[in-house]
Structure formats: structure tokens, C-alpha cells
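Read the structure below first, then the notes.
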Amino acid sequence: MYDLVAIATKISNISQLRQLHAHLVLNSLQSQNYWVSLLLTICTRLHAHPAYAASIFTSSPYPNASVYSCMLKYYSRMGAHDEVVSLFRCMQCLDLRPHPSVYIYLIKLAGKSGNLFHASVLKLGHIDDHFIRNTILDMYAKYGQVDLARKLFEQMPNRTLADWNSMISGCWNSGNEADAVMLFSMMPDRNTISWTAMVTGYAKMRDLETARRYFDEMPEKSVVSWNAMLSAYAQNECAEEALKLFHRMLKEGITPDDTTWVAAISSCSSIGNLSLADSLLAKINQKHVILNNFVKTALLDMHAKFGNLEIARGIFDELGGQRNAVTWNVMISAYTRAGKLSLARELFDNMPKRDVVSWNSMIAGYAQNGESAMSIHLFREMIDCTDIQPDEVTIASVLSACGHIGALKFSCWVLNIVQEKNIKFGISGFNSLIFMYSKCGNVVDAHRIFQNMGTKDVVTFNTLISGFAANGHGKDAIKLLLTMEEEGIEPDHVTYIGVLTACSHAGMLKEGKNIFKSIKAPTVDHYACMVDLLGRAGELDDAKILIESMPMKPHAGVYGSLLNASRIHKRVELGELAANKLLELEPQNPGNYILLSNIYASAGRWEDVRQVREKMRKGGVKKSVGMSWVEYKGQIHNFTVGDRSHEWSKDIYRLLAELERKMKRVGFVTDKSCALRDVEEEEKEEMLGTHSEKLAICFALLVSEVGTPIRVVKNLRICMDCHTAIKMISKLEEREIIVRDNNRFHCFSEGICSCHDYW
DNA sequence: TTAGGGTTAG
């Protein structure tokens with residue numbers, strides 16, 4: 001028998017196991033509990049097939065606690081949680097006493113609801129087992145029940161080092177720095193684990209300096225301690241510091257493990273330094289490291305961030321069965337970052353188990369690529385069809401999408417969910433709220449949120465400043481810039497873009513000039529804003545001089561501003577100059593051709609108009625489709641030029657025709673530029689007057705209550721013809737109509753638009 | 001057989 005036991009412990013593959021099994025059968029030993037337990041232990045070690053393990057288990061006619069425990073351990077190793085639980089219930093029914101390690105596994109598995117086991121552990125007297133006791137303590141500490149953990153800890157007659165360490169981590173988990181420090185100082189003895197817990201604790205509080213102090217004072221460091229400090233840097237936007245520490249680690253002869261590589265790789269990708277990444281890859285290859293899927297996922301992400309989508313996809317495919325939710329999520333966001341939404345969606349639809357990050361990645365992916373309506377649609381699906389709880393990131397993305405298309409009602413619905421589910425907002429949540437309100441034209445609420453915020457960051461200020469800019473509140477934008485400086489928040493280049501745009505929209509030439517002068521190192525974008533400001537104010541020659549004096553090469557935005565100003569002030573020669581530069585810089589952008597052809601059209605130079613159109617056709621440049629959204633009862637309705645797909649189409653067009661008749665009767669003449677801008681000569685008659693914003697407005701007129709203002713958002717600039725037509729509609733229908741285009745609001749009321757400077 | 005470190009979304 002002793003020979004057999006010796007053989008059994010050395011078994012290293014399934015066929016050896018089957019041989020032993022056969023030998024036991026031959027000697028009629030296979031149903032003895034001792035041997036069943038031993039076979040099951042080997043099954044666990046070798047990951048044997050569940051059917052085989054089950055057949056061994058059932059060969060025992062009267063399985064005892066040991067057999068049950070071995071089978072339970074087998075299932076837990078295989079991740080078959082349901083089987084684990086049902087087996088445990090069987091044991092309870094049979095009054096069998098599980099092995100302590102079984103409890104440890106079960107308590108960990110139960111996680112947050114693990115306190116169910118506490119009573120049973122007490123009843124069976126397992127509480128004196130310090131391994132089990134510590135697991136319970138740790139479970140309480142990990143899952144936010146620090147009070148229970150403390151109670152247990154204080155009642156303990158003999159605390160082990162592990163108990164102290166669990167308690168310290170528990171304090172950090174609940175953000176209780178004072179208690180963590182006190183426990184650490186009171187400890188009778190400390191090990192690397194205690195010190196490392198302090199390092200991670202401070203890292204969680206984003207206090208990297210103190211974390212580093214503990215790290216430096218640590219009497220002995222393990223790889224884990226190094227990793228803790230490395231990750232602290234890597235996760236708090238200190239990638240450079242992380243890589244410095246990584247190199248010191250190598251110099252001191254510490255062998256990196258998987259976690260080390262993950263931190264190094266992710267630091268590399270956030271710095272965006274390709275050559276650094278290459279040298280890191282070389283090191284990994286040179287050391288012949290076997291990479292686990294954490295490292296592979298980090299590598300996947302790095303390649304994706306460097307734009308190597310094929311390599312990233314290669315790693316993803318290679319991972320095969322080792323893929324987890326994170327791997328899928330990384331690949332999805334790799335695609336959304338690159339604007340490849342359909343590929344991202346394909347993965348999203350095919351992934352086996354989506355978590356909140358998967359939904360967030362896809363919702364944010366749509367939102368960031370201009371597919372706001374899809375983003376909102378997907379959020380509804382998440383709420384209506386799944387049990388997954390949205391978090392701050394979800395809400396921030398959806399609110400941003402709502403802002404883009406002015407979906408105020410839908411935003412209210414989203415905010416109700418936030419209240420219902422008690423989702424806590426941090427800075428980014430509030431920032432998105434400010435964005436949404438100001439994009440919906442509700443500056444008052446945007447400002448209210450801003451004032452109630454505890455801590456603000458530069459994005460908070462920038463968002464509200466841009467909101468003021470879009471709503472024509474130039475003075476408020478400048479005031480906010482001053483507040484910002486008072487509160488010690490350094491304005492960045494986005495801040496100045498916002499303030500300059502605000503000046504431009506409010507016609508504040510002098511103030512804008514002063515602000516521009518105060519910018520330490522103006523970027524090309526600031527020059528573009530300045531050209532826009534000068535141009536709109538009619539100082540086109542100054543704008544041209546400014547462009548010529550620029551220390552850097554002007555980009556498309558600079559000439560775009562000049563072109564727009566030339567159109568407003570009918571300066572054909574300057575417009576031609578700007579447009580030609582633009583066509584050089586962006587030969588594929590249809591907007592530039594259309595702007596130029598409009599300038600020629602307004603000057604009556606039809607032959608030039610024809611030539612521009614011809615050039616566009618030859619270059620294969622397609623005109624972009626203008627879209628308009630209107631929100632009705634929390635649903636988003638979108639329209640494109642000449643759209644007939646809406647179920648209300650018939651009524652919409654009937655109303656439009658009726659309105660046009662009325663307009664003609666009161667002497668309204670359409671401006672042909674509208675037709676020339678978007679359609680070929682032969683289609684002109686048919687398409688005239690069917691721009692998306694008009695369709696959206698007619699739809700809103702049909703469905704909305706009399707007296708309520710109509711809100712429409714257009715993704716491009718609204719054209720002159722529609723501008724005039726909407727003015728007239730607001731008068732004829734006695735309705736207030738608010739149209740927001742790319743960057744500002746047009747408020748039409750009683751035949752007057754309150755943003756005259758725009759045209 | 002317990003305690004410390006890991007990849008993703010804004």
C-alpha cells in the first residue's frame with residue numbers, strides 16, 4: 001500500500017492516473033474512501049475531465065467528509081461554482097464536517113455575502129482555525145464591512161500577523177487613513193506585506209509622495225512591493241516615474257514578474273513613446289518571458305494605442321480561450337478609438353459576457369465618433385434589457401451624447417436613473433452635466449452645477465466657458481477666466497480657445513485682442529480663433545496680416561475662418577485665396593468646395609461655380625449629409641436632406657408646402673444658394689426647401705404643444721436660406737424656434753433671429 | 001490553507 005501512495009503522489013499525467021485507477025479496481029480498492037479521496041486529489045492537480053472525476057466520486061458507496069471535500073476542491077479548481085455550492089449543501093444535510101480549506105474557498109467565493117458562512121463556521125467550531133478566521137476577517141474588510149471586521153479583530157484572543165495585515169487593508173479600502181496608520185504603528189511585528197499594504201493604501205489616496213516614503217523605508221522589498229510602487233505610478237498618470245523605477249529595479253537585480261511587465265507596458269503606452277515600447281518588447285523577448293493573459297492584454301492595448309490594429313487583433317485572436325471580459329473590452333475600445341465602429345460593434349455583439357466596461361466602451365465609442373443617437377439608443381438597451389448597473393462613466397458618456405444632439409428630455413430621464421440607482425458623481429460626472437446643460441442652451445443650470453461643485457478641474461472651467469461661448473455670453477466667459485486664475489487653476493490652450501470663441505460670437509473685438517496678447521505661447525488654434533474674431537468683425541485685412549505673421553504653418557481652421565469671413569463680408573478675392581489654400585490642405589473635405597462655390601454663387605460667377613463642382617466630382621469628393629435632430633417625448637427623431645423615411649413624412653411635407661405657400665403670400669423669396677449648395681442643377685426643383693432642419697421643425701410643429709419652444713440641433717452650420725425661412729416660420733406660426741448648429745444657438749422669435757452677427 | 005501588486009471605458 002505504501003508503494004501505491006508513493007506512486008500516486010508522483011503521477012503527472014492522465015494516463016498514469018488511469019493506470020493507478022485500473023490497478024485499484026483489480027484489487028477491489030476503488031470504492032474505499034481513502035483511495036477515492038486520493039484519486040480526486042490527483043484529478044484536481046491534473047485538471048482531469050469532470051465526467052471522469054464524477055465517476056470516481058460515485059464509485060464510493062458511502063462517501064465521507066474527506067471524499068466530499070476532495071470533490072468540492074476539484075470543482076472549485078475547475079471554476080464550477082454551482083457544483084461547489086450544491087455539494088456543500090449536501091454535506092450540510094448529511095452533517096458532514098468539511099475540511100477547513102473548503103471553508104476558505106467557499107467564503108472567498110461568496111465574497112460580499114460570505115457572512116452567511118460566519119454562523120456555520122462558529123457552530124462547527126472552526127472559528128479557532130486561524131486560517132479560516134482570517135479569511136472571514138479579510139472578507140469583511142475587503143467588502144466594505146469594516147465595522148464587522150473590527151469587531152471580530154478586537155474579540156480575537158491571539159491575532160496573527162495576517163489578521164493585522166487584513167485589518168490595515170480594510171481600513172484603506174474604506175479610505176480610513178488614520179486607522180490604517182494607527183494599526184500599522186501598533187503592530188507587534190511587521191513584514192513586507194504590512195509595508196506593501198501601506199504603499200498601496202497611499203497610492204489609492206493618490207498620495208504618491210507618502211507611498212514612496214513607505215516604499216523607501218521598507219526594510220526588505222519583495223517583487224510585489226516593487227510592483228505596488230510601480231503600479232501606483234502607472235495608475236496615477238506618472239508613467240515616466242514608473243519607468244524610471246522599473247529601470248532601477250532591473251539595475252538592482254530584481255527579476256520582473258508578470259505584474260511588473262504589465263505596469264511597464266501600460267506606462268509605455270500612456271507615454272506614447274514608440275521606441276521605448278520597442279526596447280521593452282526586446283527585453284521581454286530576450287528574457288524569454290512566458291506571458292500570461294494580463295501581460296498579453298496590456299500588450300494588445302499598447303499596440304492598439306500605437307495604431308497597430310492588426311498586431312493587436314493578432315494577439316486577441318491568439319488568446320483564444322484565455323480571453324476574458326477585459327481582453328474583449330480592450331479590443332473594442334481599440335476599434336472605437338480608430339473610428340471603426342462596426343468592427344467594435346461586431347465584437348460587442350459576439351462577446352460571451354458583457355460587463356459595465358463593455359457597455360461603457362461601446363456607448364462612449366458611439367458618442368465620441370459623432371453617433372450620438374446610437375449612443376443613446378444603446379444606453380436605453382442597457383437599462384431596459386440587462387441587469388448591469390451603469391456607473392459614472394456610463395452616465396458621463398450618455399450625457400455628452402445628449403448634449404451633442406440637444407436631448408434635454410432624455411437627459412432628465414438619465415438623471416432620474418442616476419438618482420434611482422444612487423450613482424455617485426465625481427468631477428467628470430459633473431463636467432458632463434455642465435456640458436449637457438450648456439449644449440441644450442440651459443446656461444443657468446450649467447452655471448448652477450458649476451457653483452455647487454466642490455472641487456473643479458481645468459476641464460470644468462473649459463466646459464462652462466465653451467458653453468458661455470456657444471450661447472453668446474462673452475462677458476461671462478471672460479469673467480470665468482479671471483475666476484479661474486483667482487482659484488489658482490492654470491488655464492490651458494482649450495481655455496483660451498473657449499474665451500476667444502466667446503469674444504468672437506459676442507462681437508467683442510477689443511477684449512479678444514487683449515486676451516490673445518496675454519497668451520504666453522499661442523497655438524495655431526488660437527490664431528484660427530483670432531482670424532475668426534477679426535474676420536467676423538469685418539477686419540479682414542488685419543486677419544490676413546495676422547495669418548502672414550504666424551510663426552507656424554496655418555492649418556485648415558485658420559483658412560476656414562478667413563473663408564467664412566470673406567463670405568459674410570462678400571470679399572470674393574480673399575475668399576478665393578483662402579479656399580485655394582484649403583483645397584490644398586484638405587482636398588477631400590466637401591465643405592471647402594461648397595463654401596467656395598457659394599462665394600462664387602453670391603457674386604453671380606456661375607461658370608466658376610460649375611468648375612468647382614466639376615473639380616469636386618473629378619476628385620471623388622462626396623458632399624456630406626447634413627443631419628438634424630429633434631427630441632419628442634424622450635425619443636430622438638433625426639432627419640437628413642430630403643428625408644422621406646420618417647413615418648410622419650407625408651404630414652411633414654404637407655405642412656412644409658403649406659408654410660411655403662404662406663411665405664410666398666407675404667412676400668418671402670427663397671435664396672437660391674441653398675439649392676446650389678447641396679444639389680445638382682437638375683435635382684434643384686425637387687429638393688428645394690427640404691433641408692433637414694426644416695423637416696425637423698415641421699415635425700416638431702406637428703407634434704409639440706402650442707406655446708412650447710421648438711428645439712432643433714443640426715450637425716452642420718445652418719444655411720442662409722433656412723435661416724431666413726425659419727425666421728419667417730417663427731413669425732407665421734407664432735412659435736419660438738431654437739436651432740443649435742455646430743457651435744452656437746440661433747433663437748428665432750416673431751420673425752427675428754437674436755444672433756445677427758452670425759451671417 | 002490566510003494577509004500585499006496586474007490589463008479596459010470618460
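Letters go in sequence order (proteins before strands), and every chain restarts at 1.
We find that OH of A:Tyr233 is positioned 15 Å from C1' of B:dG5, with the value rounded to whole Å. Remark: C1' of B:dG5 and CZ of A:Phe215 are 11 Å apart, rounded to the nearest angstrom. Distance, A:Arg212 CZ to B:dG5 C1': 16 Å, rounded to whole Å. Atom CG of A:Asp189 is separated from atom C1' of B:dA3 by 13 Å (rounded to the nearest Å). Rounded to whole angstrom, the span from the CG atom of A:Leu106 across to the P atom of B:dT2 amounts to 14 Å. Rounding to whole angstrom units, CE of residue A:Met229 and C1' of B:dG4 are separated by 14 Å.
In this structure, the nucleotide among B:dG4, B:dT1, B:dG5 sitting nearest to the side chain of A:Ser225 is B:dG4. Closest contact between the side chain of A:Ala197 and the listed nucleotides B:dT2, B:dG10, B:dG4 involves B:dG4. Here B:dG10 is the nucleotide among B:dG10, B:dA3, B:dT1 with the atom lying nearest to any side-chain atom of A:Ser428. Set against B:dT2, B:dG10, B:dA3, the side chain of A:Asn165 has B:dA3 as its closest nucleotide.
A:Met351 places a side-chain heavy atom less than 4.5 Å from the side chain of A:Ile332.
Backbone-only contact: A:Asp138 has heavy atoms under 4.0 Å from sugar-phosphate atoms and none from a base. Heavy atoms of A:Asn431 sit nowhere under 4.0 angstrom from any nucleic acid atom. Counting non-hydrogen atoms under 4.0 angstrom, A:Arg337 reaches the backbone sugars and phosphates but no base. Residue contacts for A:Asp163: at a heavy-atom cut-off of 4.0 Å it reaches no nucleic acid atom on any strand shown. At the heavy-atom level, A:Val326 lies under 4.0 Å from base atoms of the strands shown. Within the nucleic acid shown, A:Ser358 has no heavy atom closer than 4.0 Å to any nucleic acid atom. Using a 4.0 Å heavy-atom criterion, one finds that A:Ser166 contacts the sugar-phosphate atoms exclusively. Residue A:Gln368 is classed as a sugar-phosphate contact, given heavy-atom separations below 4.0 Å to backbone atoms only. A:Ser361 comes within 4.0 angstrom of the backbone, heavy atoms only, and of no base. Residue contacts for A:Asp355: at a heavy-atom cut-off of 4.0 Å it reaches no nucleic acid atom on any strand shown. Nucleic acid contact class of A:Thr192 (heavy atoms, under 4.0 Å, all strands): base. No engagement by A:Lys204 is indicated, since no non-hydrogen atom pair under 4.0 Å with the nucleic acid exists. If you check every strand for non-hydrogen atoms under 4.0 Å, A:Thr336 touches nothing. Across all strands, A:Ala396 comes closer than 4.0 Å to no nucleic acid atom at all (heavy-atom distances).
Note: A:Trp261 and A:Phe246 meet the aromatic proximity criterion, with ring centroids under 6.0 Å apart. Aromatic pair A:Phe348/A:Trp359: ring centres closer than 6.0 Å.
Within residues 314-325 of chain A, no residue is approached by DNA chain B to less than 4.0 Å at the level of any non-hydrogen atom. Contacts with DNA chain B (heavy atom under 4.0 Å) in residues 169-185 of chain A: A:Ser169, listed by number.
Taking the ring axis of A:Tyr105 as reference, the NZ or CZ atom of A:Lys73 does not stay both within 45° of it and closer than 6.0 Å to the ring centre. Both cation-pi conditions hold for A:Arg380 and A:Trp413: the charged atom is under 6.0 angstrom from the six-membered ring centre and inside a 45 degree cone around its axis.
Listed by first and then second residue, the ring pair (Phe, Tyr, Trp, His ring centres under 6.0 Å) pairs involving residues 360-398 of chain A amount to none (not counting sequence neighbours).
Under 3.5 Å, the side chain of A:Ser222 and the base of B:dG4 form at least one donor-acceptor pair of N or O atoms. Side-chain to base pairing of A:Asn191 with B:dG4: no donor and acceptor N or O lie closer than 3.5 Å to each other.
Among A:Val494, A:Asp492, A:Thr463, the one residue that satisfies the side chain to side chain contact (heavy atoms under 4.5 Å, CB included) test with A:Val458 is A:Asp492.
Contact check, A:Lys296 against B:dT8: no side-chain N or O comes under 4.0 Å of OP1 or OP2. Considering only side-chain N and O atoms, A:Gln235 lies under 4.0 angstrom from the phosphate OP1 or OP2 of B:dG6.
Residue-environment remark: NZ (A:Lys283) exceeds the threshold of 12 foreign heavy atoms within 6.0 Å.
Between A:Arg313 and A:Asp317 a salt bridge is recorded (basic side-chain N to carboxylate O distance below 4.0 Å). One finds a salt bridge joining A:Arg337 and A:Asp301 here, because a Lys/Arg side-chain nitrogen approaches an Asp/Glu carboxylate oxygen to under 4.0 Å. Salt bridge present: A:Glu252 and A:Arg248 bring a charged side-chain N and a carboxylate O closer than 4.0 Å.
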